[in-house]
Amino acid sequence: MANGLIPQKIVSVHLQDSALKELKDQASNKQAEILQPSPEASVENKPELDVMEHIGQEEPKVLGPEATQQKGGASGSEPAGESDRGVGSLELCHLHLSSCHECLELENSTIESVKFASAENIPDLPYDYSGSLESIADDVCPEREGRRVNITGKAPNILLYVGSDSQEALGRFQQVRSVLADCVDTDSYTLYHLPEESALRDPWSDNCLLLVIATRESLPEDLSRKFMAYLSQGGKVLGLSSSFTFAGFQVTSKGALQETVQNLLFSKVDQSQVKLSVLSSGCVYEHPGEWLSLGKLQGHLENEDKDRLIVQVPFGTCGGEAILCQVHLELPPSSSVVRTPEDFDLLKSSNVRRYEVLKEILTTLGLSCDVQQVPALTPLYLLSAAEEIRDPLMQWLGKRVDPEGVIQSSKVSLKFVSSYTSEIEITPAAIPVVTDVEAFSSENFNLDIYRQNLQTKQLGKVILFAEVTPTTMSLLDGLMFEMPQEMGLIAIAVRQTQGKGRGRNAWLSPVGCALSTLLVSIPLRSQLGQRIPFVQHLMSLAVVEAVRSIPEYQDIDLRVKWPNDIYYSDLMKLGGVLVNSTLMGETFYILIGCGFNVTNSNPTICINDLILEYNRQHGTDLKPLRTDFLIARTVTVLEKLIDTFQDKGPNGVLPLYYKYWVHSAQQVRLGSSEGPTVSIVGLDDSGFLLVHQEGGEVVTVHPDGNSFDMLRNLIIPKQR
């Protein structure tokens with residue numbers, strides 16, 4: 001749908017059991033392709049003159065801190081696999097029109113749009129990799145001190161390059177990822193595999209706070225240039241038994257050392273030393289000249305030659321540096337390359353010091369190694385925003401649950417219970433839902449504040465609340481097609497352990513982030529039903545308007561970034577949206593996942609940071625805001641935006657969208673970092689970017705499907 005599926009090409013088909021069986025048999029021989037159709041119309045709308053400037057301007061009931069906070073514990077849960085969702089006893093099979101070009105392209109960019117405010121990094125300025133290698137270190141860039149500045153403001157990424165695609169490389173990736181995840185705070189960093197093709201093609205470098213190179217393979221010249229360009233811009237590199245070197249260093253093989261346990265003397269930045277047993281790669285670092293340019297951190301063997309196995313090498317004028325290692329810090333003592341029980345014992349006795357060395361290296365490269373424990377899952381609570389729907393809700397549930405009180409879907413099993421005890425097991429696939437909520441309380445979610453500020457006809461009326469859950473995107477799976485629309489469903493969590501972002505990206509979810517998944521039903525044959533990509537724009541706009549329509553908060557510099565980000569000015573991301581849609585009959589069932597930072601200053605920035613800074617600069621005393629308050633206001637604003645869109649089409653909401661967006665007169669490149677420059681001028685009738693080309697023509701551009709930045713490598717779709 002993100003690439004323009006036409007509604008006239010969607011055909012509803014009722015499949016008999018025999019047809020379903022035949023499809024399953026075919027799927028066992030050929031990998032099934034999954035389609036979530038989301039049409040857009042080609043109908044053009046005449047522009048409307050009136051501008052929707054002040055949605056949700058009514059005085060808020062509670063801003064937050066002065067509200068009474070209730071203490072206690074609520075609940076959470078977790079999803080299972082990613083198979084097709086089930087509806088009652090009916091199994092839905094997504095049909096794929098293999099001859100349809102729109103369908104084929106749609107698979108790579110379904111309308112899941114934006115990622116939570118921390119997990120993806122979407123930079124704006126591409127690097128220029130042209131020029132000679134010698135000129136890279138002399139590139140002009142901002143001076144930086146200490147750690148590399150995360151100018152995007154989004155959750156930092158650690159990218160792992162493990163060589164060309166192979167089973168061996170996949171195993172190496174798992175080893176490196178595992179040891180790094182033990183060292184860094186995974187609430188603050190996301191660890192991704194960087195395949196060779198993606199490393200050469202995609203705009204990964206701005207997102208990356210640390211590039212880990214863990215392969216003995218020689219790097220292709222073009223890839224080496226990419227890595228050096230990244231270093232020249234202040235990037236940080238960790239080499240683990242890698243052939244990657246620069247600045248005159250050479251990797252020399254010493255066969256006698258290969259895969260043997262050696263004694264290493266490691267010097268920290270503060271010049272304190274750690275002695276430990278290490279597994280050598282069989283290579284050492286040599287330099288034809290002096291070692292004067294090295295950093296203080298280094299490690300050498302306690303042998304006659306004092307072979308250098310760890311070196312810290314600064315590069316360029318922007319703070320770039322690499323720490324290169326020829327010891328297997330990534331391998332545990334139980335690794336298959338450890339030869340003897342004696343070697344195992346030596347490495348095991350040094351294992352704590354191995355982590356100490358690795359954490360010192362990562363800290364020197366600018367990362368935080370304060371590891372936080374993953375919280376345990378908690379039960380769900382079934383809450384209602386209006387007392388009058390409580391009884392109809394319980395009656396509806398009584399008719400839908402099985403004899404065990406369970407509603408089953410392909411992703412999660414919800415077991416409805418009157419109360420929760422510690423004997424009830426909670427797993428990602430099976431979550432208890434507490435229905436007797438008289439004693440419900442949570443210091444992170446105040447139901448009264450939510451009720452007071454939710455002013456909707458349908459949306460957000462029935463709440464599944466969790467203190468800790470894997471992802472809110474799975475919680476509504478078994479309920480979304482069955483529950484009456486007037487009982488608008490929303491899942492709200494304090495924390496997610498497996499938050500989902502666009503594509504394969506993770507979605508970091510620390511405490512203080514407003515996390516929710518909202519169910520919205522949109523008729524296919526309606527203004528918005530013909531332009532489903534606008535749903536992501538409306539949701540991100542609703543978050544911004546929910547804050548800036550509060551009296552006296554109108555100048556808080558919160559903005560929208562196409563297609564689905566919430567930004568502080570044009571500098572830092574603090575929120576995002578993820579949209580999944582399913583068409584059944586004549587209705588789109590849309591799950592809108594949204595996360596935006598409200599009280600959590602780390603790992604990026606939050607709304608209350610903006611308020612505090614605004615107070616400091618203007619001598620005001622605006623109160624900080626709460627997550628429950630803003631979720632309710634956002635849902636309220638969204639319903640009004642949807643109503644306006646259904647009545648007036650895109651022109652009913654675009655003036656407000658343009659008021660808050662960050663792209664006015666922004667220039668982007670088409671195709672690649674060397675492509676032609678165009679200027680963004682607005683959105684087309686389907687929600688894609690309109691750009692002004694140098695020759696004067698205004699054209700629509702689409703993302704190329706890369707996972708890093710939808711504003712990079714934009715392409716002009718082929719005319720059909």
Side-chain angles (χ1 to χ4, degrees), residues 17 20 73-93 377-440 442 445 447 458-493 516-521 580 582 584-585 587 589-591:
D17 289 345
L20 289 174
S75 2
S77 50
E78 175 163 2
E82 292 294 330
S83 54
D84 295 338
R85 40 171 73 82
V87 183
S89 60
L90 173 64
E91 181 178 0
L92 296 180
C93 293
L377 301 178
T378 58
L380 291 165
Y381 282 83
L382 182 65
L383 310 172
S384 57
E387 290 296 340
E388 58 270 18
I389 67 170
R390 182 77 190 176
D391 288 341
L393 171 63
M394 298 309 297
Q395 292 171 10
W396 179 87
L397 270 179
K399 298 175 182 178
R400 294 301 187 278
V401 297
D402 67 14
E404 300 297 321
V406 173
I407 292 181
Q408 180 73 49
S409 76
S410 62
K411 294 183 178 178
V412 65
S413 172
L414 301 180
K415 182 177 177 63
F416 292 83
V417 296
S418 59
S419 61
Y420 172 74
T421 62
S422 58
E423 287 75 26
I424 301 177
E425 184 181 12
I426 307 175
T427 71
I431 304 169
V433 183
V434 180
T435 58
D436 185 358
V437 293
E438 290 298 323
F440 168 78
S442 169
F445 182 78
L447 182 58
Q458 293 184 351
L459 298 186
K461 295 290 189 179
V462 174
I463 308 143
L464 282 178
F465 173 79
E467 292 283 351
V468 183
T469 194
T471 170
T472 58
M473 290 297 285
S474 296
L475 298 181
L476 307 184
D477 192 57
L479 305 172
M480 58 186 291
F481 302 113
E482 299 287 335
M483 185 169 284
Q485 291 188 18
E486 62 270 16
M487 299 181 185
L489 274 171
I490 187 171
I492 298 174
S516 66
T517 295
L518 179 70
L519 174 63
V520 177
S521 301
N580 288 336
T582 303
M584 288 187 63
T587 302
Y589 294 88
I590 302 173
L591 293 179

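As the structure is a computational prediction, the values presented were derived from the model and not from experiment.
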Can you give me the closest heavy-atom contact between [X] and [Y], atom names plus distance?
X	Y	result
Ser516	Thr472	C-OG1, 3.8 Å
Leu459	Leu519	CD2-O, 3.8 Å
Ile463	Ser384	CD1-C, 4.3 Å
Ala385	Gly460	CB-O, 4.0 Å
Ser521	Thr587	CB-CG2, 4.1 Å
Pro432	Val417	CB-CG2, 4.3 Å

(request) Please check if the side chain of Lys415 supplies one atom and the backbone of Glu404 the other of a donor-acceptor pair under 3.5 Å. (result) yes
(request) Give a yes or no answer on whether the side chain of Ser409 reaches the backbone of Val412 with a donor-acceptor pair at less than 3.5 Å. (result) yes
Donor-acceptor contacts, no H, no angles, side chain residues 388-400, under 3.5 Å, sequence neighbours left out:
| residue | atom | partner | partner atom | Å |
| --- | --- | --- | --- | --- |
| Arg390 | NH1 | Leu382 | O | 2.9 |
| Arg390 | NH2 | Thr435 | O | 2.3 |

(request) Can you label the angle between the Phe465 ring and the Phe445 ring as parallel, tilted or perpendicular, going by 30° and 60°? (result) parallel
With heavy-atom distances below 4.5 Å as the criterion, would you say the side chains of [X] and [Y] are in contact?
X	Y	result
Val406	Phe416	no
Asn580	Ile590	no
Ile407	Val433	no
Ile490	Val462	no
Ile492	Leu383	no
Asp436	Glu438	yes

Look up atom [atom1] in [X] and atom [atom2] in [Y], then write down how far apart they are to the nearest 0.5 Å.
X	Y	atom1	atom2	result
Leu518	Leu476	CG	CG	8.5 Å
Thr469	Leu377	OG1	CG	6.5 Å
Met487	Lys461	CE	NZ	12.0 Å
Leu489	Leu591	CG	CG	9.5 Å

(message) Just to verify, what does Glu387 make a salt bridge (charged side-chain N to carboxylate O under 4.0 Å, His left out) with, not counting sequence neighbours?
(response) Arg451
